[in-house]
Each structure stands twice: as C-alpha cells, then as structure tokens.
Amino acid sequence: MDYNFREIEAKWQKYWAKNQTFKASNNSDKPKYYVLDMFPYPSGAGLHVGHPLGYIASDIYARYKRHNGFNVLHPMGYDSFGLPAEQYAIQTGQHPAITTEANIKRYREQLDQLGFSFDWSREVRTSDPKYYKWTQWVFIQLFNSWYNKTSDKAEDISTLVSIFEKEGNTKVQAVCDDDVQEFGAKDWAGFSDRTRQEILLQYRLTYLADTEVNWCPALGTVLANDEIVNGISERGGHPVIRKKMTQWSMRITAYAQRLLDGLDSIDWPQPLKDSQTNWIGRSEGAHVEFNVQNEDYKIAVFTTRPDTIFGTSFMTLAPEHELVAKITTAEQKAQVEAYVEATAKRSERDRMADVKSISGVFTGAYAEHPFTKEPIPIWIGDYVLASYGTGAVMAVPCGDQRDYDFAKHFDIPIPNIFDGADISEEAFADKANTIIGNSDFLNGLNFKEATRKVIDELEKIGQGEGKINYRLRDAVFSRQRYWGEPFPVYYVDGMPQMIADEHLPLELPEVEKYLPTETGEPPLGNATHWAWNTQTNTVVANELIDDKTIFPLELNTMPGWAGSSQYFNRYMDSQNNEAIYSEEAIGYWQDVDLYIGGSEHATGHLLYSRFWQKFLFDMGIAPKKEYAKKLINQGMITGTSAIVYRISGTNKYVSLGLKSEYEVEELRVDVNLVNTSDEIRVEDLRNWQPEFKEAEFILEDGKYVVGREVEKMSKRWFNVVNPDNICEEYGADSLRLYEMFLGPLEQSKPWNTAGITGVHSFLKKLWKLYANMEEAVQPTADNLKTLHKTIKKVEEDIENFSFNTSVSTFMICVNELTAQKCKSKAILEPLAILVSPYAPHIAEELWEKLGHQESISTAAFPKFDEKHLVENSKEYPISFNGKMRFKLELPLDMGKDEIEAVVMAHEKTQAQLNGREPKKVIVVPGKIVNIVG
RNA sequence: GCCUUGGUGGCGGAAUUGGUAGACGCGCUGGAUUCAAAAUCCAGUUCUUUCGGGAGUGUGGGUUCGAUUCCCACCCAAGGUACCA
C-alpha cells in the first residue's frame, strides 16, 4: 500500500482533537514542562510558510518532552487587538471583531492542518472581554501601587498613604515624578481629597502625565516614529508636529536596575540581552546644577564625565527645555523662537539620525560655573533631546566630539583640561588615559579619582551629587485607537478613578465611526454610551453625565503590548473567571521553560512583559521574577521572487537565458506559477493578470525560464508561499520536515519549495520500510548500530535545537536500513518514536500498524545503548603536512609505535614521500596520522 | 559610527573539544525501467589537471605537526541601535 498522506493526516488530526490527546492537566505526578510560542496577530493574509517555523520547532520539543515523561503545557492563542483590523474597519465600516473572528478561523484551520500538539482548551484571545478583563485588572493593580526604593519593590498605595500621614513625603524613598513638592504630615492632613489624589498620581506605577508625541493634525492622531518620513506622515504626507498630550504612562523606569540584573538569571540569546541592556542604557555619572547668572533659575545636567567640569565652555539646552523661554534675552528672542519652531517640526528620530549638520542658537543668557563662578554661555541645539537625562548638557568640547564639533562650528573656545592630550584635530575622549590638568583641585588626577573628588566637592557646595541615569523612559500606555482594551477608568472632576474589580470587564462600546472625532478626540469619543454610573456600576448614555453619580469614561485604549504582557501566565488557567489564574495552577506550572519567537520583539514585548512579571512578583501574584527560563529566536524565512523580462516598450517577454540580447525591464510574477526548474507555463501567466493576456513570449528550448531573487516575503513581490498548497501536495509531515531541514532555526534563510521533494521521498522510503516488517526477525548488529547511532544523534540534536541535522540523520538511517533490508520490529518500533516529534502523522499510522492501540505521543523515547556502536577497527586518514592523501584500516587497539611502523612501511607512504625523509610523524590513536616533511 | 549575527560547491546546508572539508537534500549529467511520461532505482557531480597530482571554507597575516574551527587586521552582507551627554 502506498503512503497516502492525505488520508493519514486527516485521520490523526481528527483523532487528536476527539481524544484531546494534548490536553494538559494542572496537576500531575509527572514533572512539568511549559513550551510557549509567541502568539500570532491574526492578519487577513493568513499564515505563510515563515510563520510555522517556530511553531514546528516548539512542537518537536513539546512532543519530545512528552516522550520523556513530562507533563507538557503547549498552548496557543491570538494577539487579536491591532491596527490592521481597525484600518479595515475605517475603510469598510466592518466591525473589527467580525474581521478578527474570520481571520482567527482561517488561522485555526491552517494551524490544525500542520498537526501541532497544542492544548486548544486553553486558547486565549486578547480581544476577548473574558481575557482583557484581566489586562484591565493588572492595570488597576499598577494604579494602586507605588515603588518603594527602600524595600526595592512595588507596594500597595495604602502603605504610602500611611507614610504621608505619619511624616509627609520628605523622607520616603520612592520612584516618582521629578517635580513633586515636599510636604509634611500636617500638610497632608490639611490637603483636600483632590490634592491628595494629585499627589498620589505622581507616585502610582501607572499614572497620567503630559507626554511629547508626534501629532498629525490632519489625521487627528498620534504617529509612531516609523510612520513619519522626513517630518511628514507616511500615510497621506501630512505635516507632523511635536505636541504635549495627557496620557497614561507605566513607571517601568522603577524596574530599570532589576530588569538589567534579571538578564543574568535567564538563558536568552546574548544579542537579545545586549539589545535590552542597551535599551535600558545605564550610565554612571553625576547630577550637576548650574545657576543662571542674574536669575533665580538653575539648570540641572547629567554628565558621565563630571571630572571634566573645568573644561565646560558652554551649555546646550534642548530647544523644548522649559527654561529656554524664560532665560532668552530680548536680542536673541526672534532667533531662538524660530529655531524652537523649526525643531518642533523634526521628529526625534530625524534629529538623531542627522549627525552631519550642526545647528543651534545662543540664548543670550549665561550660567555660572559652580567652582570658578565664570560665565558660561547658554545655547540651544537640537542634538540635545528633551527626553533624555535632564534635557541639558554641560558642554566640554575638549572631551566630547559632539561638543567639540559644535564649538568649532560656532567659534566657541575649546579649553584643554587634559595633561598631554592633543585636541587640535578632535576631542580627547579616552577615559582610561585621562590625566586632568588646568582644573584647580582636580589637577593630576585620573578619571576615577577626579570623578570621586568632584562629586565630593559638588555635594559640599550643594550643587550636585553622584547619579546613575537610565536611558529607559517610562512607557506611554495610551493609544488613540478603537481596537484595543478600554481603560477601566472614569473621571471625577478630572481625576481618574478605577472601576472596582468586580465590575470588570469594561467592554468596548459600539461606535458609528472608527476615526477620531471632529474635535480630535480618540474614536471612543464617538460612542453614545460611554459614561459610568457609580450607583448601578454600569455603562450608560453620555447625556446622563451629571458629574455627581454619572461620570465620563476614559477615551483612550491600551497599546498592543498590554494584552501580551501576561498571557503566558494566563494560559496556566485561561478559563478562570474568578481570578487571573488560581494559585494552584501557577504553583504547578511556575514559569515558561522554553519560549520561541522572533528577535524583533527584543525591546518591546520581551521587555514590557518582564516588567509586568516583576510587578506581579512583588505583589505576590506570580512566583517567579522571570517568566521564561529559556528563549530562542527563530530566523526569518525570505522569499525567492520570480522575475520575467519585458522587452522595453513592448508587450514581449523574453526567457532568462536570452535577456542579454535585449533591453529589458524586470517584473515580478507570482512564484506559485513557477515549477521546480524555474520554468513558467505561459498559459498560466496569461491567466494570472490581464497585462499578460495578449503578451508574446520568446522561449528558449521551448520553455520560459524566470529569474530568481531572494528578498523578504511580501505580498507586493508576489513571493508569498502559503502552507496550504504544500500540505495539499506533499502533506504536513513533509512541510514540517522541510522547514526544519532548511537550516539552523535561528538563522534567516530563503524559501524554495523545490527542495521539498527530498524530504517527501524520505517519508515514502520510511513508509516502505514498514511494509515488509516481520515481528519475529531478530535485528542484525548493523541494524542495531544504525538505530543507536540515530538515537544518539537525534537526542543530542533536539537538546541543542539543531533540528536540521536530525532530518539528515533520519535520511541516513532510512537509507542504511533500506540497504540492510531491515525487517525487524525491534528496530522499526523505536524508529517510529524517534520520527514522531518531527512527522507525527506518519508516526502515529506506523505505530498503529505495529499493533498499538494508544497514541504514539506517550510512548517512551528509545534509550541509547553505547554497546552497539563499539568498533574494533578504524579507517585512519593518513595525512602529509596536514593534507589527507589516503586511508588505512587499522585495529583500534594498535599502539602508537606500531601504527607508525605500519604506515611508514606502506607503499603509498613511500610513493608520497618520493624518497624524502619525514621530519616528524604525528600519530593520534583513534584519530589521525600526520607525516611531516 | 557602534552592537550583534553571518560569509563553505550551481543552491539549502554539514563538519561535537583544532584531526578525512563539502554529510544529507535540491539541481544537474549519464544509465536502468517504460510505447512514452510521471514515479522509482543505479552511477556520477568543489575547481583544476599533462590523470602523477595540485588548489580550495570572504581577504591578508599569525599560532600549530595539523585551522572552516583559535588569534590579529581588513572586506562584504543581514538585523538592531544611538547626537544618550
């Protein structure tokens, strides 16, 4: 009987679903193992062959762990809030929930078709109110918390209130806004309720703040940096300005140090850890305050080089700095204002990317050097960013290249404060070789000594202190979108109030239009029923708002990363409606053992989710500080575009081999029309798109051959390959094997469907092997050697996530067993288990043929036995000067001297030496012989 | 610029601590089978050669009996990222 993969795969997919084969139990005597994939955004385009790469790898690992006696949790769900569904809604009026539902259905069909061992009973969807109830719940917990630097963890806000009642805020060590006013216990007692709320908001882990955003007035919305090209919106080409907006923020900066420290405890790829480290951007230095001459203002700066303070010859403020308007002199006013306005039009990314042009304006004001009391001119320049540090720089041109360039450009003096450094051409930034000179009490000191000394002196005069600064900023958590989680927040007298836990979820309201309102409010401003009745605890019509018992609700929604920040924990008990998850569930599963996903999430999802986990840990809601022990990045699969060549100015197309004879244009055509030999059927092309209908084709050898180009898989290049067609033609097992066979999991690699015939015929050969199986036949020594060699290699490969080499190993194994005419059940039975994580359908079918009633998924993984691999001779490579020239079979127990004697006496050795006398003979028993000379 | 990863036949890739470079598969060539094709099977396939051999893992050096593997310098590609003070 032939290998009928269509029948087999359908049969076992049905079996697994019916028997809930992969349903994981929350209590078991077996050790637990949690394998997690990054859940997909269900886009309208469906899955392409790049998506399943990581899912196949994690599925192999999950199945392998089951064979090794683990209780495996392997869930899947959907990150189903997002922009594309909203864009589609704006265009068509179709509710995003409907689009999303349809897309999920298609994703599910495609995923099912690939035979993954997911426990679908635990599925989550971030857009499902039953799920986002808990996203809202975490938000409320964050609101009700503050960060206590003394205990170095988040605590309930009530502990902060009792500190305020006892002693005010002068002593408390808390992470909070920069501009909090000091108050005592008496003050606190006298504050109105509203004032208290305002103060507490400055300490909460999620808080309202005015944040700078890229505002596009024409689109009525905020844009991300990458949605802006050359200062105008990518969509529509409208102007974009920097604008302050009141938004929710997450005080992730409170966790900066712990997020950094935690990296040491997790097995994540080093490049990923590096990018998180850089993103957090810890730098040690000093906070220094400069007085403004003749004014009562102070300019605070952060510097990593306080040792160079005597080299300060000017200061630069970010154009947005709040002091700019206050200190600018009348003569400079026009120039400064023009510059500030020009800067507001540039995006932050723009300003940062432009390294070459130097611009800035003198404010006319002077600061005063803290030690020399000399005047220092204050400039503004767009190379200083308001959002980093204090938005002001003490410029030391002799020690910093940017300051140097700025000084040169504007003819500002460049005093040299380094002993023996030449600064005629460029700044001297070498900390290690710094000896300070020309700097009063710092003279003769090196970087470390000078830094310590200057910080001491700054503290003495009350104008500075040592400080650790982080590049990491608090994360803006508001989005002016419809298709996201609503905030469980209503406003009383402008102050945010949380809806009580028991009334969650607060569900998204219906709206007529998904665009911002005419007054520039977010889409939820279009809702007619979006007010909170505090008596009935329900959403009611807006016209009922009386600001006594009925209040307006928050109009922003949460960002994309909200729903993905704790989903890995929710899977542990995803159907629980009473709690985010039960203590028993998380007590059993603890954390993710293996997480597989793309590296593009390095500083987004993978950082924010670590932050939430640490918060949940502080609150006693999660038992682990880090939620994923091990993480692996899968590489991207690139597409191989197909190109046809049109003779310029005609409707004639010429085959690849003949294109050099003409002047041609390259056109990309659908790769699915091309066969494995890069030939395209002209008739198919005519039917594909109207422009080819009447075209003329110039063939070579009666064929039209296309050109190929490797590039990102994208609809616009027509190079997207869907798994569906491949499953139909070759089966899921072939696709699974082929995706793994392509190359190392972490590397990006091009897709070319042609090669799949190799793994497909491997499966056919495997199938054939079992057709002649005979129960009674005893395995030969060769059979056992082949089997155990394979067990050893496959086991090592899976442990090392080297799935591509296992596929080769299977091929070698089947080739050898076929050559040996192996019929023994004692060999074929364990072989089926070895193959099963990779090609589960065929493995189940063969397992059944072997006479088993139960699914192969729980069969124990075969045990490797060294004794079958013991050899007693070795084919020694005989090298001359390191180059292998011939081989010689010798017993493994032969000694060094004896080997040398045999080799030297050999006729081929003599022929190689051609009369020369060898200088040296290296013999490594069991490995190699090398003759030098 | 910086950080990270990578560079091996026509292609995807393999080579476990430095020890036979090119496993395995695709493609290609030849053959068997077939009326023919598909499918299947067999043989060959890094380059070069005077058929003895010689060269060869991005480039140039180095360490070593021996380097794809270790060290130094450089080139190229991909991804990330910053006027970060």
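Here is the naming used below: chain letters follow the sequence lines, and residue numbers restart at 1 for every chain.
- Contact annotation for K765(A): backbone-only contact, meaning every heavy-atom pair under 4.0 Å involves sugar-phosphate atoms and none involves a base.
- Computed from coordinates, the L745(A) CG to U5(B) P distance equals 17 Å when rounded to whole Å.
- For the pair W751(A) CH2 and G25(B) P, the computed distance is 18 Å after rounding to whole Å.
- With Y3(A) as the partner, the ring-ring contact (aromatic ring centres under 6.0 Å, His included) test is satisfied by one option alone out of F762(A), Y770(A), W767(A): W767(A).
- The side chain of S761(A) approaches C26(B) more closely than any other nucleotide in the set G19(B), C26(B), U4(B).
- Comparing G62(B) with G44(B), their P atoms sit 40 Å apart, to the nearest whole Å.
- In terms of modelled atom types and a separation under 3.5 Å, the side chain of T390(A) and the main chain of A300(A) share a donor-acceptor contact.
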Next on the checklist: What verdict does the ring-ring contact (aromatic ring centres under 6.0 Å, His included) test give for Y738(A) and Y730(A), after you've listed the backbone C-alpha separation in whole Å, the side-chain angles of each residue and the deciding distance to 0.1 Å?
Outcome noted: CA-CA 10 Å; Y738(A) 188 52; Y730(A) 299 99; 8.9 Å; no
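- Position along RNA chain B of the nearest nucleotide to M884(A) versus D400(A) favours M884(A) as the more 5'-ward residue.
- The same atom, P, is picked in U40(B) and in A78(B); the two are 38 Å apart, to the nearest Å.
- By the salt bridge (charged side-chain N to carboxylate O under 4.0 Å, His left out) test, K789(A) is found to be paired with E816(A), residues two or more places apart in sequence or in another chain being considered.
- Checking U81(B) for Watson-Crick or G-U wobble geometry (two distances, each under 3.5 Å) identifies G1(B) as its partner.
- Across the protein-nucleic acid pair, K764(A) atom NZ and A38(B) atom C1' stand 10 Å apart, rounded to whole Å.
- Backbone-only contact: P744(A) has heavy atoms under 4.0 Å from sugar-phosphate atoms and none from a base.
- If P877(A) and V393(A) are placed on RNA chain B by their nearest nucleotide, the residue sitting closer to the 5' end is P877(A).
- Taking only side-chain atoms of W279(A), from C-beta outward, the nucleotide of A82(B), C26(B), C65(B) with the closest atom is A82(B).
- When both pairing distances are held under 3.5 Å, A36(B) makes no Watson-Crick or G-U pair with any nucleotide shown.
- When the P atom is compared between C75(B) and C24(B), the two are found 38 Å apart, to the nearest whole Å.
- Relative orientation of the F5(A) and H760(A) rings is perpendicular, given thresholds of 30° and 60° on the angle between their planes.
- Heavy atoms of E796(A) sit under 4.0 angstrom from at least one base atom.
- Counting only heavy atoms from C-beta on, R885(A) has its side chain closest to G54(B) among C65(B), C24(B), G54(B).
- Pairing for G56(B) is absent, judged as Watson-Crick or G-U wobble with the two contacts each under 3.5 Å.
- Residue contacts for D274(A): at a heavy-atom cut-off of 4.0 Å it reaches the sugar-phosphate backbone alone, with no base atom in range.
- Taking atom OH of Y738(A) as the reference point, atom P of G27(B) lies 10 Å away to the nearest angstrom.
- Base orientation for G9(B): syn, the chi torsion being within 90° of 0.
- Across all strands shown, the partner of C70(B) is G62(B), judged by Watson-Crick or G-U wobble contacts whose two distances both fall under 3.5 Å.
- Closest heavy-atom contact between W751(A) and I726(A): CZ2-CD1, 3.6 Å.
- Annotation: G27(B) and G12(B) have their C1' atoms spaced 11 Å apart (nearest Å).
- You'll find that the side chain of R471(A) is closest to A82(B), out of G19(B), G80(B), A82(B).
- Taking atom C1' in both U48(B) and C42(B), the straight-line distance is 28 Å, to the nearest Å.
- For G13(B), neither phosphate oxygen OP1 nor OP2 lies less than 4.0 angstrom from any side-chain nitrogen or oxygen of K749(A).
- Residue-environment remark: NZ (K273(A)) exceeds the threshold of 12 foreign heavy atoms within 6.0 Å.
- The separation between K927(A) atom NZ and U20(B) atom C1' is 13 Å, rounded to whole Å.
- Annotation: A38(B) and U57(B) have their C1' atoms spaced 39 Å apart (nearest Å).
- No contact: R282(A) has no heavy atom under 4.0 Å from any strand.
- When Watson-Crick and G-U wobble pairs are counted only if both distances are under 3.5 Å, U29(B) pairs with A43(B).
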So which protein nitrogen or oxygen atoms get under 3.5 Å of nucleotides 56-58 of chain B's nitrogens or oxygens?
{"residue": "G56(B)", "atom": "N7", "partner": "K883(A)", "partner atom": "NZ", "Å": "3.3"}

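- Among the protein residues, T805(A) comes within range of the sugar-phosphate backbone only, with heavy atoms under 4.0 Å from sugar or phosphate atoms but none that close to a base.
- Ring-plane geometry between F810(A) and Y838(A) is classed as perpendicular, the angle between the planes exceeding 60 degrees on a 0 to 90 degree scale with a lower cut at 30.
- One interatomic measurement links the two molecules: CG of N804(A) to P of A23(B), which rounds to 15 Å at whole-angstrom precision.
- Going from the C1' atom of A85(B) to that of G6(B) covers 34 Å, rounded to whole Å.
- When rounded to the nearest whole Å, the span between CG of D405(A) and P of A85(B) equals 16 Å.
- A syn base is found at G52(B): its glycosidic angle is within 90° of 0.
- Aromatic ring orientation, F801(A) versus F803(A): perpendicular (interplanar angle above 60°, classes split at 30° and 60°).
- When the C1' atom is compared between C70(B) and C2(B), the two are found 25 Å apart, to the nearest whole Å.
- Across all strands shown, N815(A) has heavy atoms under 4.0 Å from sugar-phosphate atoms exclusively, and none from any base.
- Taking atom CG of N633(A) as the reference point, atom C1' of A78(B) lies 15 Å away to the nearest angstrom.
- Between H369(A) and F290(A), the angle of the ring planes goes over 60°, which puts this pair in the perpendicular group of the 30/60° scheme.
- For D267(A), the salt bridge (charged side-chain N to carboxylate O under 4.0 Å, His left out) partners at least two apart in sequence or on another chain are K630(A).
- The side chain of T757(A) lies closest to C26(B), out of C24(B), C26(B), G80(B).
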